[in-house]
Amino acid sequence: MNDLAQKTCKPCEGGVDPLDRTAAQAMLAELAGNWSLSDDATAISASFRFPEFYRTMAFINAVAWVANQQDHHPDIRLGYNYAEVTFTTHAINGLSENDFICAARVDALMAG
């Protein structure tokens with residue numbers, strides 16, 4: 001597990017600036033290679049593939065558990081053998097460290 005995955009999300013009610021593109025790219029470098037920064041640098045996304053629906057749903061349930069534990073929830077799109085996970089901090093209309101913490105925890109799910 002990397003350093004980000006060891007951290008805990010902090011509540012974000014707004015009133016702080018989102019990470020700028022340079023800071024977001026630096027944090028993105030700490031994640032597994034499948035995460036990408038949106039064109040406007042307000043979100044990070046990753047796609048995951050699975051051999052069948054059951055494993056896709058097991059992954060989704062694990063991501064939901066992480067999100068609930070961290071109180072930071074992604075947007076998820078899924079189908080039979082894939083899931084697309086997107087993190088953004090809605091309260092600030094951009095990225096915060098919380099997004100990268102949760103992404104790192106999702107990476108840890110895939111590694112374990």
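It should be emphasised that the depicted structure is a prediction, and the values quoted were computed from it without experimental measurement.
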Between [X] and [Y], what is the shortest heavy-atom contact and its length?
| X | Y | result |
| --- | --- | --- |
| Ala24 | Leu37 | CB-CD1, 3.9 Å |
| His72 | Pro74 | O-CD, 3.9 Å |
| Ala103 | Phe87 | N-CE1, 3.9 Å |
| Ala104 | Leu4 | CB-CB, 3.7 Å |
| Pro18 | Gly94 | CB-CA, 3.8 Å |

Could you tell me if the side chain of [Y] sits less than 4.5 Å from the side chain of [X], heavy atoms only?
| X | Y | answer |
| --- | --- | --- |
| Phe50 | Met57 | no |
| Asp107 | Glu30 | no |
| Thr56 | Tyr80 | no |

Using side-chain hydrogen bond (donor to acceptor under 3.5 Å, both in side chains) as the criterion, list what pairs up with [X], not counting sequence neighbours.
| X | answer |
| --- | --- |
| Gln25 | none |
| Glu84 | Arg77 |
| Ser96 | Thr89 |

Rounded to the nearest 0.5 Å, how far does CZ of Arg105 lie from CZ of Phe100?
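Those atoms lie 15.5 Å apart.
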Rounded to the nearest 0.5 Å, how far apart are CG of Asn98 and OG1 of Thr88?
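Those atoms lie 11.0 Å apart.
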Please collect all salt bridge (charged side-chain N to carboxylate O under 4.0 Å, His left out) contacts where either partner lies in residues 61-74, sequence neighbours excluded, each pair once.
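Counting only pairs at least two positions apart or across chains, no salt bridge (charged side-chain N to carboxylate O under 4.0 Å, His left out) contact touches residues 61-74.
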Sort and list the pairs that fulfil salt bridge (charged side-chain N to carboxylate O under 4.0 Å, His left out) and have at least one residue in residues 92-101, not counting sequence neighbours.
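Those involving residues 92-101 are Lys7-Glu97.
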All N/O donor-acceptor pairs, side-chain side in residues 41-48, below 3.5 Å, sequence neighbours left out:
unit_1 : atom_1 : unit_2 : atom_2 : d
Thr42  : OG1    : Asp40  : OD1    : 2.7
Thr42  : OG1    : Asp40  : OD2    : 3.2
Ser45  : OG     : Thr86  : OG1    : 2.8

Worked check of side chain to side chain contact (heavy atoms under 4.5 Å, CB included) between Asp75 and His90:
CA-CA 11 Å; Asp75 294 323; His90 298 284; 4.0 Å; yes
Same cluster (ILVMFWY, side-chain, under 4.5 Å), Tyr82 and Ile60
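Each belongs to a different hydrophobic cluster.
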Under the side chain to side chain contact (heavy atoms under 4.5 Å, CB included) test, residues paired with Ala23 that sit two or more places apart
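Partners of Ala23 by the side chain to side chain contact (heavy atoms under 4.5 Å, CB included) criterion, ordered by chain and then number, come out as Leu19, Asp20.
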Would you please name every residue forming a side chain to side chain contact (heavy atoms under 4.5 Å, CB included) with Tyr54, sequence neighbours left out?
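Per chain and number, Tyr54 pairs via side chain to side chain contact (heavy atoms under 4.5 Å, CB included) with Glu52.
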Should we say atom CG of Asp17 is surrounded by more than 12 heavy atoms from elsewhere, each under 6.0 Å from it?
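No, CG of Asp17 has 12 or fewer neighbouring heavy atoms, counting only those of other groups under 6.0 Å.
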With no hydrogens and no angle check, is any side-chain donor or acceptor of Asn68 less than 3.5 Å from a backbone partner on Ala64?
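Not confirmed, Asn68 side chain does not pair with Ala64 backbone.
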For Arg21, check salt bridge (Lys or Arg N to Asp or Glu O under 4.0 Å) against everything at least two apart and list the hits.
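Partners of Arg21 by the salt bridge (Lys or Arg N to Asp or Glu O under 4.0 Å) criterion come out as none, since no residue qualifies.
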Other hydrophobic cluster members with Ile92, side-chain heavy atoms of Ile/Leu/Val/Met/Phe/Trp/Tyr under 4.5 Å, chained?
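Besides Ile92, the cluster holds Val16.
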